[in-house]
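Here the structure is laid out as structure tokens; the discussion comes afterwards.
Fair warning: this is a prediction, and the values are worked out from it, not measured in the lab. Each ligand, and each atom within it, is numbered from 1 in the order the structure gives.
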Amino acid sequence: MIPPGETIGILGGGQLGRMLAKAAAQLGYRVHVYAPEADSVAAEVCARFTNAHWDDAAAMAEFAADCAVVTYEFENVPVGPLKALGSVPLHPNARALEVAQDRLNEKEFVEQLGGRTAPYMAVDTREDLDAALTRLGSPGILKTRREGYDGKGQWRINADHEADGIAFSGQPLIYEGLVRFSAEFSVILARGHDGRIAFWDSAENVHKGGILALSTAPASDAVLAQVEEARALAAKVADGLDYVGVAAFEFFATSDGPVFNEMAPRVHNSGHWTIEGAVTSQFENHIRAICGLPLGDTRLAATKVEMRNIIGEAAEDWAAILADPANHLHLYGKGAARPGRKMGHVTRLTF
Ligand code: AMP
């Protein structure tokens with residue numbers, strides 16, 4: 001067990017790190033953030049900040065020397081430089097990063113465990129894409145295998161001829177057939193050192209333009225009917241990776257049952273509602289798990305919880321949001337609002 005008072009290292013400096021740091025502080029830990037960007041919103045709420053590139057081995061080793069345990073809030077941290085952490089434990093482990101960083105690896109891993117995915121094919125060239133369109137047909141979505149998020153690095157192909165406009169840059173891609181779904185939902189779990197798994201209620205998620213807009217818990221009956229099967233798969237993945245910490249799995253609810261879309265080896269936007277809407281939040285349980293502490297109660301703390309993202313330059317009336325006692329406002333302290341940028345969220349509880 002890593003006792004309160006010790007220092008937790010967080011790789012990545014965004015809003016997930018900010019919310020993790022706040023949860024860590026509540027339990028008496030100090031947080032050291034490591035991020036390549038100077039304007040880190042996590043660094044604003046932590047004890048120490050290392051602003052260095054991922055491959056700066058000296059900076060990484062110095063960071064590790066200050067930490068009792070290291071975690072990450074960003075799944076695209078390159079795995080190679082993590083060797084510089086030496087003997088300091090990394091939770092979740094590097095294997096979880098390797099699997100989740102590549103959409104092809106992730107789908108293959110999940111299929112081996114008996115999970116259902118969208119039909120897919122790896123695509124590196126125009127010829128590969130033609131073969132994928134012949135085999136899987138259109139409509140579909142061409143995605144970068146690595147580093148895509150919030151709908152970035154994705155091209156919708158509604159008809160085969162639309163493939164003509166796509167420029168290939170040598171980046172590995174994956175073509176996925178379009179899944180017909182009635183709803184989207186996530187399974188978020190925390191897994192402790194002892195292998196014990198706790199699930200939160202599954203939120204039903206609405207995306208706009210590939211970006212999460214709204215999460216609601218409890219989900220509709222159509223989703224609830226698929227949660228058990230989705231949880232069983234998520235638990236197999238977590239066990240298979242010997243995972244420690246919080247992980248999120250996104251699913252489509254379809255007439256064939258739950259179809260796995262992707263996993264995040266970290267706390268997740270569709271779990272932000274747990275800060276006020278669950279007895280213990282995903283952030284606190286992540287800290288508890290990586291420090292070897294008992295996991296907290298994940299049950300709902302209200303009858304209904306709704307989390308809405310504040311995205312881009314949308315004009316918001318902060319005073320009106322705060323004037324309603326049902327609302328809980330979280331702003332991430334990001335300077336410039338840009339289209340698609342997540343600036344904060346509002347959680348609304350109904351008792
Ligand atoms: P992703 O970045 O893979 O999570 O995709 C973002 C969003 O795009 C998903 O939450 C879905 O709304 C949509 N999407 C992605 N892949 C597919 C697919 N194969 N079929 C249908 N919708 C998809």
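- By the ring-ring contact (aromatic ring centres under 6.0 Å, His included) test, H32 is found to be paired with F63, residues two or more places apart in sequence or in another chain being considered.
- Using cut-offs of 30° and 60° on the angle between ring planes, the pair H345 and H272 is tilted.
- Side-chain atoms of W273 and D201, non-hydrogen and from C-beta on, do get closer than 4.5 Å to each other.
- Salt bridge status for R299 with D297: present, with a side-chain N to carboxylate O gap under 4.0 Å.
- Under the side chain to side chain donor-acceptor pair (under 3.5 Å) criterion, E147 pairs with no residue, sequence neighbours left out.
- Around ligand 1 you find R103, A118, I141, K143, Q154, E176, G177, L178, V179, F181, E184, H207, G210, F252, N261, E262, each with a heavy-atom distance below 4.0 Å.
- For E108, there are no side chain to side chain donor-acceptor pair (under 3.5 Å) partners, not counting sequence neighbours.
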